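Only a predicted model underlies this, so the values are computations on that prediction, with no experimental measurement involved.
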Amino acid sequence: VTRYEGLFRRLLLADASHGSRRPHGLLSKPPYQVSGAKIFPIYEAKRIGDFGVFPHRRDYEDYRKELSPLPGRRLPPSTPALLRRRPVIVAINARGSSTALASSVALLRGLRDANLEAQALVLVRSPAERPPDLLPAGVPVETLCLPARLRGPAGPPRLVGHLSRQAPCIHLIDAEEQRSLVGPDLPHQVAVAGIVRGGNAPHYELLVRFAPHWKAVVATSPGIAAQLTNLDPSLASRLVTIPDGVDIRDRLPRRPLAWGEPLRIVHRLPREPRAQSAGELASVLDALSDRGVPTELTVTGKEEEWQRLAQACRRDGARESLRFAGEELADQELLELLESSDVYLLTDDIEGLPRDLVLAMGRGCVPVLKSIRNSEPHLLRHGECAYFVPGDDPGTLADRLGALQINPALRRSLAAAAHEAVDRGGLRVADMVTGYLLLVDRMLRELDEAGSD
């Protein structure tokens, strides 16, 4: 309460001598974040003069009553928003990650259900490519063929031209794909929000070159938001954290305490494996076989990597524990696999929170990880809802997996804590859609204000 009182005092008593305007605040629930400040949830947005957005009129009136004793300050009465309809264009890369595609489809559905003018812009590399089959009904779809790589500092001319013809509009881009980045050549009537899901150092350097030309930057985890602000502190005022939403069960699936049964492990092979990745995992499986720990490892990913893993195993028992589920599972197949498994295993360095990891935690799997850059410690707590192990020590990893196999009560405890962490972490699809609706609402207001100047 004291911290929020301080926040409101800073907003209300801001020194006007510097010519600053009151910010248009968003009140939302953690983990949503605006300029580093975490705030309360909203599901029905209304405009309150120049103060921003509150859940309902009665909520604002409560704030108004509590803050009215401040010296020389009176809050204006609440007023409903009257926004013009503008196109909200969601870019989808036909060869993008499954996480980006699933989030974009859910976002388009949420924008449509909110009666906004949502459009899908599918970026392909050749005219023969087709849009994904999962796009929601009732949303207009356009296809744009772009070169495979980014050329020039301003973005692809065809994409810039397409957006310019749609102006005034909002454009949400997947910043994972370099060729979809746009910047200085866009007219000011095109408001861009770039969605950042991580990347390597050169990619971050490219992002901070384009990001100053965007109206908003969306980080999918607080760690990624911190990385962006470390590289360019000026982005903090336009940075919003909205995690990718997934389907999380309300309750854990019922599982008997199966003492002595094999430990059922799910592992997704890395998309860009290191040369030693297969050998390291094979060493873990050999160590489990030597210890007599019964396991069943179900692997998804590229078939050639699966074959390399099987060949690297020295023990017959290690090879016999392997099962290849396919290169890319449909969502329903993946959910069924996770609900029947005990552990989700990640052995390579990754960034942010992978969608499959959150799905696994929401389905009752215990995450066993090497390390996650820009991770969220409130979601992944070692020894409480996850295990972190050194990637170069197959013996330690085998010991952790062995402890989980021999003690199903420990598995159940960790699985319950993992489910609770993602269940309360604002990681559901509805949470993600609410976050983007608030962001779009703010950007629409800014477009209207810019048009009236």
**Q** Determine the minimum heavy-atom distance between Val208 and Pro212, stating which atoms define it.
**A** O-CD, 3.0 Å
**Q** What distance separates Tyr387 OH from Leu414 CG, expressed to the nearest 0.5 Å?
**A** 5.0 Å
**Q** Distance-only check: which donor-acceptor pairs under 3.5 Å involve side-chain atoms of residues 107-118, not counting sequence neighbours?
**A**
unit_1, atom_1, unit_2, atom_2, d
Arg112, NH1, Ala137, O, 2.7

**Q** Compare every heavy atom of Val433 with every heavy atom of Ala106, then report the nearest pair and how far apart it is.
**A** O-CG2, 3.7 Å
**Q** When rounded to the nearest 0.5 angstrom, what distance separates OG in Ser234 from CG in Leu239?
**A** 10.5 Å
**Q** Please lay out, stage by stage, how Leu172 and Val218 fare under the test side chain to side chain contact (heavy atoms under 4.5 Å, CB included).
**A** CA-CA 9 Å; Leu172 305 179; Val218 179; over 6 Å; no
**Q** Hey, what do you get for CD1 (Ile170) to CZ (Arg86), rounding to the nearest 0.5 Å?
**A** 9.5 Å
**Q** Which value, rounded to the nearest 0.5 Å, describes the distance between Leu427 atom CG and Met361 atom CE?
**A** 8.5 Å
**Q** Are Arg249 and Asp423 within salt-bridge range, i.e. N to O under 4.0 Å?
**A** no
**Q** Show your working on side chain to side chain contact (heavy atoms under 4.5 Å, CB included) between Trp214 and Ile173 and close with a plain yes or no.
**A** CA-CA 10 Å; Trp214 301 341; Ile173 65 173; 3.6 Å; yes
**Q** Do side-chain atoms of Glu305 reach the backbone of Lys302 as a donor and acceptor pair under 3.5 angstrom?
**A** no
**Q** Where do Ala418 and Pro367 come nearest, in terms of heavy atoms and distance?
**A** CB-CD, 4.1 Å
**Q** Main chain of Gly364, side chain of His419: is a donor-acceptor contact present, judged purely on distance under 3.5 Å?
**A** no
**Q** When rounded to the nearest 0.5 angstrom, what distance separates CE in Met443 from NE2 in His171?
**A** 10.5 Å
**Q** Taking the side chain as C-beta and beyond, is there a heavy-atom pair between Asp174 and Ser104 under 4.5 Å?
**A** no
**Q** What class does the angle between the rings of His382 and Phe388 fall in, given that below 30° is parallel, 30 to 60° is tilted and above 60° is perpendicular?
**A** tilted
**Q** Would you mind reporting whether Val358 and Asp244 have side-chain heavy atoms less than 4.5 Å apart?
**A** no
**Q** Quick check: do Arg197 and Thr99 have side-chain heavy atoms less than 4.5 Å from each other?
**A** yes
**Q** Distance check, rounded to the nearest 0.5 Å: Arg125 atom CZ versus Asn93 atom CG?
**A** 8.5 Å
**Q** Hey, are the side chains of Val246 and Val422 touching, using non-hydrogen atoms and a 4.5 Å cut-off?
**A** no
**Q** With no hydrogens and no angle check, is any side-chain donor or acceptor of Arg264 less than 3.5 Å from a backbone partner on Ser340?
**A** yes
**Q** Verify side chain to side chain contact (heavy atoms under 4.5 Å, CB included) between Ile265 and Val368, making sure each step is shown before the conclusion.
**A** CA-CA 10 Å; Ile265 307 169; Val368 178; over 6 Å; no
**Q** Which heavy atom of Val190 sits nearest a heavy atom of Leu163, and at what distance?
**A** CG2-O, 3.6 Å
**Q** State which residue, out of Val240, Ile195, Val90, fulfils the side chain to side chain contact (heavy atoms under 4.5 Å, CB included) condition with Tyr436.
**A** Ile195
**Q** With a 4.5 Å limit on heavy-atom distance, are the side chains of Ser341 and Thr298 in contact?
**A** no
**Q** Is there a donor-acceptor pair under 3.5 Å between the side chain of Ser103 and the backbone N or O of Ala100?
**A** no
**Q** For Arg355, is there an ion pair with Asp331 - N to carboxylate O distance below 4.0 angstrom?
**A** yes
**Q** Heavy atoms, side chains only, cut-off 4.5 Å: are Leu359 and Tyr344 in contact?
**A** no
**Q** Would you check if Phe210 and Val217 make a side-chain contact, meaning some heavy-atom pair closer than 4.5 Å?
**A** no
**Q** Between Arg363 and Asp356, is there a salt bridge with N-O shorter than 4.0 Å?
**A** no
**Q** For the residue pair Ala216 and Arg442, what are the closest heavy atoms and their distance?
**A** CB-NH2, 3.7 Å
**Q** One pair to check against side chain to side chain contact (heavy atoms under 4.5 Å, CB included): His213 and Leu186. What are the steps and the verdict?
**A** CA-CA 9 Å; His213 305 285; Leu186 284 174; over 6 Å; no
**Q** Is any side-chain heavy atom of Thr143 closer than 4.5 Å to a side-chain heavy atom of Arg130?
**A** no
**Q** Under 3.5 Å, is there a donor-acceptor pair between the side chain of Arg411 and the main chain of Leu404?
**A** yes
**Q** Is the backbone of Leu437 close enough, under 3.5 Å, to the side chain of Asp441 for a donor and an acceptor to pair up by distance?
**A** no
